[in-house]
Amino acid sequence: MKTETRSTCPYCGVGCGVLIETEAGAITGVRGDPDHPANFGRLCSKGSNLHLTATAAVTLQTRLLQPMQRLQRHAPPQAIGWDAALDLATERFASVIEQHGPDAVGFYISGQLLTEDYYVFNKLAKGLIGTNNVDTNSRLCMSSAVAGYKLTLGADAPPACYDDLAHAATLFIAGSNTAFAHPILFRRIEDARAANPALKIVVVDPRRTETAEAADLHLQILPGTDVALFNGMLHVMLWEGWTDQAYIAAHTQGFDALKARVRDFAPKDVAKLCGIREADLVQAARWFATSTPTLSLYCQGLNQSRSGTLKNAALINLHLATGQIGKPGAGPFSLTGQPNAMGGREVGGLANLLSAHRDLANPVHRAEVAALWGVDDVPAAPGKTAVEMFEAVADGQIKALWIACTNPAQSMPDQAIVRRALERAEFVVVQEAFATTATCAFADLLLPATTWGEKDGTVTNSERRISRVRPAVAAPGETREDWAIATAFAQRLEARLRPGRAALFPYADAQSVWNEHRESTRGRDLDITGLSYAQLDAAPAQWPWPEGASAGRARLYEDGVFPTADGRAAFADTPFEPVAEPRDARYPFALNTGRLRDQWHGMSRTGTQGRLFGHVPEPVVEMNAQDMARLSLVDGDLVRLTSRRGELVIPAQASAQQAPAQVFVAMHWGEEFLSGASATGVTLAGVNGLTTSAFCPKSKQPELKNAAVKVAKAELPWRLLALAWLPIDAALAAREALRPLLAAFGFAALVPFGRERSGVLLRAAAATAPPPDLLLKIEADLGLGAVGVLHYADVRRGQRRTMRLLGEGDAMRLDGFLLAGDIAAEAWVRPLLQDDLPAQAYGRALLMPGAKAPVALAPRGRQVCSCFDVSEPRIVATLATLAGPPDAQLDQLQRRLKCGTNCGSCLPELRRLVRAHAPIPVQETP
């Protein structure tokens with residue numbers, strides 16, 4: 001019998017509701033929850049495929065299903081019982097604390113944990129152990145937003161809500177490719193524009209992204225110049241009299257100092273500094289201040305910066321100066337990057353925060369938390385933040401490290417330091433659902449955790465809305481909930497550190513943890529004492545919702561009163577500071593990183609599904625076409641990206657989105673999918689082997705959005721390409737078997753492909769041909785070594801070609817191949833396999849070298865719509881038959897091909913293709 005369970009999507013911070021379909025104890029489907037106010041039934045391409053990441057095959061091949069211990073570093077882990085594992089962790093942590101003090105241990109946790117998980121870890125570190133060394137990967141995405149809100153508005157509380165999109169007259173989107181990073185929110189933007197064609201959209205981004213394509217005005221600023229832009233806009237507003245003097249006088253303070261600051265940001269100078277037209281700067285200021293209400297949306301482009309707090313504050317300054325806050329359609333709205341980064345902030349899950357938006361530096365706040373927890377005190381010294389924590393581990397200050405639900409060996413900047421830290425730590429615990437992450441390889445103790453579809457608790461989305469997360473199936477293997485693992489450890493450690501005293505962790509279930517968290521919010525700006533699990537089971541709710549209230553609050557500060565000592569918002573003095581690592585003669589390119597449409601973070605979940613690689617099949621560095629021509633590069637050429645910290649070899653691809661002297665690599669490409677070895681034998685650690693750990697002094701958020709790099713063609717003439725269809729369990733197993741081989745090459749990419757079927761793709765390059773045994777191992781792992789497979793080999797020239805055929809007659813298909821040395825035949829062999837084309841006519845001609853196919857074929861081309869597998873050539877061919885204005889052509893295109901009619905994630909790209917292929921109007925000569 002099929003059943004449905006209400007829960008939420010585990011990806012971005014929009015907080016979409018989902019209905020999880022189960023049958024016979026297994027997840028069989030997923031659809032958007034039509035009653036959830038975040039998405040009203042819509043799901044993006046990632047969310048629509050969630051159920052495929054929870055199949056038995058994926059679980060068995062990728063999940064960590066029992067506690068594991070390494071007796072020696074780099075040795076294979078061995079199974080261990082839960083009691084033995086927790087006893088080991090307790091002994092090692094207690095010994096370090098007793099010998100070196102509480103600050104010799106650290107906890108690095110995650111914005112993907114539930115609020116209940118977060119709460120227990122925070123109490124464990126700050127309450128029981130007595131260290132503030134507990135930080136989270138939210139430091140990498142949201143801490144600048146936190147600092148910006150607190151600096152100006154007094155509390156970390158986004159004042160707007162999703163409904164404001166329908167009321168805004170101007171949308172100001174800064175540092176966010178919303179179309180890719182928050183696709184369901186972008187659908188609501190499209191709805192708002194359809195309902196109000198007069199809506200103005202301004203996008204600030206160094207790249208011409210899909211979001212920028214939809215804008216009325218794209219300010220393609222130079223990297224890191226956001227503060228100058230916002231200050232310049234305020235200069236224009238002051239000059240033109242577009243500020244709201246009454247609001248400033250009644251509800252703010254500090255404006256005179258800011259006016260003095262922006263006096264030096266004349267439009268002409270700012271336009272030159274930012275690399276934009278002066279007229280465009282003035283237009284942006286005009287629309288922001290006069291075409292109101294104005295709602296701003298912003299994300300990592302502002303946050304991931306050495307001046308991240310200043311960028312956030314400078315934008316909020318514009319809202320305060322124009323009175324665009326606390327009313328429908330207006331306000332500075334920070335978009336959360338992870339599903340529960342907000343919940344983590346609420347419980348104080350950062351090294352400088354305490355529960356319920358309390359400040360660690362405030363002795364009254366520390367006393368309140370200590371009383372709530374039943375401990376003598378809470379330490380006053382700020383803990384180590386993410387970058388500082390790994391530096392402290394590398395320096396030997398922190399001896400024992402507990403990592404939960406995050407993959408720092410992929411996601412942290414300056415991977416050389418991170419990996420040195422993980423190697424040097426005396427004891428590393430990794431609490432994780434997936435055994436395939438890069439960080440798992442460094443763990444002394446692996447603890448198996450539940451994940452989406454199995455967890456019980458709550459999350460909070462970008463608009464302060466709390467939703468229940470419910471388990472749809474039983475926890476697999478010996479996995480346990482994250483809060484339960486932390487509680488079991490804390491109870492053991494408590495018996496060691498404070499024997500005979502009252503229990504601090506008496507939790508029987510997730511609800512008992514949440515109830516304590518709820519009490520911590522009493523009287524605070526995020527007061528939720530009027531809520532209960534039963535109410536949240538009935539419907540999601542926005543905070544604040546204090547005891548006695550009948551509803552939450554959609555918008556904050558409608559009365560102009562702010563949570564500051566005098567009730568006024570504070571204008572921040574925002575000097576312009578350049579990027580931490582500007583381009584120079586040695587490193588002449590600026591590297592930017594960001595999200596792909598169909599992938600998530602380090603891809604431990606999305607990376608199991610070949611269908612999510614249809615849109616971007618393999619890692620590339622996107623470059624401006626003029627830069628590629630100047631460097632004599634063509635699409636597909638391997639280039640060596642080098643920063644002051646490391647290097648990466650990756651194929652180059654020309655992109656109209658890139659400005660000159662700027663390059664872009666998606667943030668997802670870690671060593672699990674993109675690796676190789678340098679000339680000195682160092683394993684290449686993915687894109688974050690290049691990024692800088694320089695961080696904002698206020699928020700401590702690193703500048704992942706800019707690093708100076710040089711680009712040079714990689715001289716790796718020997719090439720390899722291997723693809724094979726395999727059952728999903730065999731495909732996942734083959735990838736894990738092939739991963740250790742990647743370091744044998746100067747460049748290697750290992751990714752899944754396929755849709756209804758599963759496949760594995762390995763692309764590699766080296767200076768010289770590798771030993772034949774290595775190729776035989778690759779063939780064996782991909783099932784290409786069986787009897788009856790076509791082979792050609794020339795060992796002396798380093799050439800090898802292998803073809804596996806299945807079926808007979810018209811049903812004969814190419815099922816796998818390996819090309820080594822000369823791989824020009826990829827042009828026709830790869831589509832023959834991936835497009836499932838008849839192979840009978842080829843015979844032994846499959847072993848022919850060269851890019852010209854012995855039998856003509858037409859490759860289907862790049863995928864645009866992942867839901868219905870619609871390719872770009874098919875879309876272009878259909879557009880050639882259509883007529884009418886762009887909107888009419890899009891409607892006809894959708895009706896014919898169905899693309900963009902399900903999740904809608906491809907709609908921005910469809911609109912771009914429609915515009916690109918629309919006939920140019922003929923102007924009559926007078």
Exercise. Can you tell me if R139 uses its side chain to pair, donor with acceptor, with the backbone of V387 under 3.5 Å?
Worked result: no

Exercise. Would you say the side-chain atoms of Q701 pair up with the backbone N or O of S144, donor to acceptor, closer than 3.5 Å?
Worked result: yes

For this session: Take atom NZ of K384 as the centre, draw a 6.0 Å sphere, and report whether it contains more than 12 heavy atoms from other residues, nucleotides or ligands.
Result: no

For this session: Please check if the side chain of Y118 supplies one atom and the backbone of S110 the other of a donor-acceptor pair under 3.5 Å.
Result: yes

Exercise. Where do C16 and I184 come nearest, in terms of heavy atoms and distance?
Worked result: SG-CG1, 3.8 Å

Exercise. Taking C-beta and beyond as the side chain, do T439 and P408 meet within less than 4.5 Å on heavy atoms?
Worked result: yes

Exercise. Are any of the side-chain heavy atoms of S296 and I316 separated by less than 4.5 Å?
Worked result: no

Exercise. Can you tell me how far the CD atom of E516 sits from the CZ atom of F505, to the nearest 0.5 Å?
Worked result: 8.5 Å

For this session: May I ask you to test the D35-R6 pair for a side-chain heavy-atom distance under 4.5 Å?
Result: yes

For this session: For residues 320-343, pull every pair meeting ring pair (Phe, Tyr, Trp, His ring centres under 6.0 Å), keeping only residues two or more places apart or in separate chains.
Result: Y162-F333

Exercise. F172 and Q324: side chain to side chain contact (heavy atoms under 4.5 Å, CB included), yes or no, with the steps?
Worked result: CA-CA 12 Å; F172 190 85; Q324 292 305 304; over 6 Å; no

For this session: Measure from the side-chain N and O atoms of N362 to the backbone N and O of V364, and report whether any donor-acceptor pair falls under 3.5 Å.
Result: yes

Exercise. Which of parallel (below 30°), tilted (30 to 60°) and perpendicular (above 60°) describes F93 and F489?
Worked result: perpendicular

Problem set entry | Donor-acceptor pair, side chain of Q112 and main chain of P339, under 3.5 angstrom | no

For this session: Give a yes or no answer on whether the side chain of R468 reaches the backbone of G457 with a donor-acceptor pair at less than 3.5 Å.
Result: yes

Problem set entry | SB check K700 D135 (cutoff 4.0 Å) | no

For this session: Would you list the pairs meeting salt bridge (charged side-chain N to carboxylate O under 4.0 Å, His left out) in which at least one residue belongs to residues 328-341, sequence neighbours left out?
Result: none

For this session: Assign the ring pair H357 / W543 to parallel, tilted or perpendicular, where the plane angle (0 to 90°) is split at 30° and 60°.
Result: perpendicular

Problem set entry | salt bridge (charged side-chain N to carboxylate O under 4.0 Å, His left out) contacts touching residues 548-557 (sequence neighbours left out) | D164-R555

Problem set entry | side-chain contact (heavy atoms from CB on, under 4.5 Å) partner of K126, the single match among T131, V369, V375, L354 | L354

Exercise. Which atoms form the tightest heavy-atom contact between L124 and A490, and what is the distance?
Worked result: CD1-CB, 3.8 Å

Exercise. Between H182 and S176, do the side chains contain an N or O donor and an N or O acceptor separated by less than 3.5 Å?
Worked result: no

Problem set entry | Sequence neighbours excluded, every pair satisfying salt bridge (charged side-chain N to carboxylate O under 4.0 Å, His left out) that has a member inside residues 298-308 | none

Exercise. Hey, does the side chain of Q535 reach the backbone of S532 with a donor-acceptor pair shorter than 3.5 angstrom?
Worked result: yes

Exercise. What residue among D226, N317, N303 forms side chain to side chain donor-acceptor pair (under 3.5 Å) with N312?
Worked result: N303

Exercise. What orientation do Y533 and W514 show, parallel under 30°, tilted 30 to 60°, or perpendicular over 60°?
Worked result: tilted

Exercise. Does R492 use its side chain to pair, donor to acceptor, with the backbone of T90 at less than 3.5 Å?
Worked result: no

Exercise. Any side-chain heavy atom of W600 sitting closer than 4.5 Å to one from R595?
Worked result: yes

For this session: Taking salt bridge (Lys or Arg N to Asp or Glu O under 4.0 Å) as the test, write out the residues that go with R605, two or more places apart.
Result: none

For this session: Determine whether the side chains of D509 and S512 contain a donor N or O and an acceptor N or O closer than 3.5 Å.
Result: yes

Problem set entry | Parallel, tilted or perpendicular: rings of W373 and Y119 (30°, 60°) | perpendicular

Exercise. Can you tell which of T178, N39, D163 makes a side chain to side chain donor-acceptor pair (under 3.5 Å) with R188?
Worked result: D163

Problem set entry | Contacts of type side-chain hydrogen bond (donor to acceptor under 3.5 Å, both in side chains), residue R498, not counting sequence neighbours | none

For this session: Report the distance from atom NZ of K123 to atom NE2 of H517, rounding to the nearest 0.5 Å.
Result: 13.5 Å

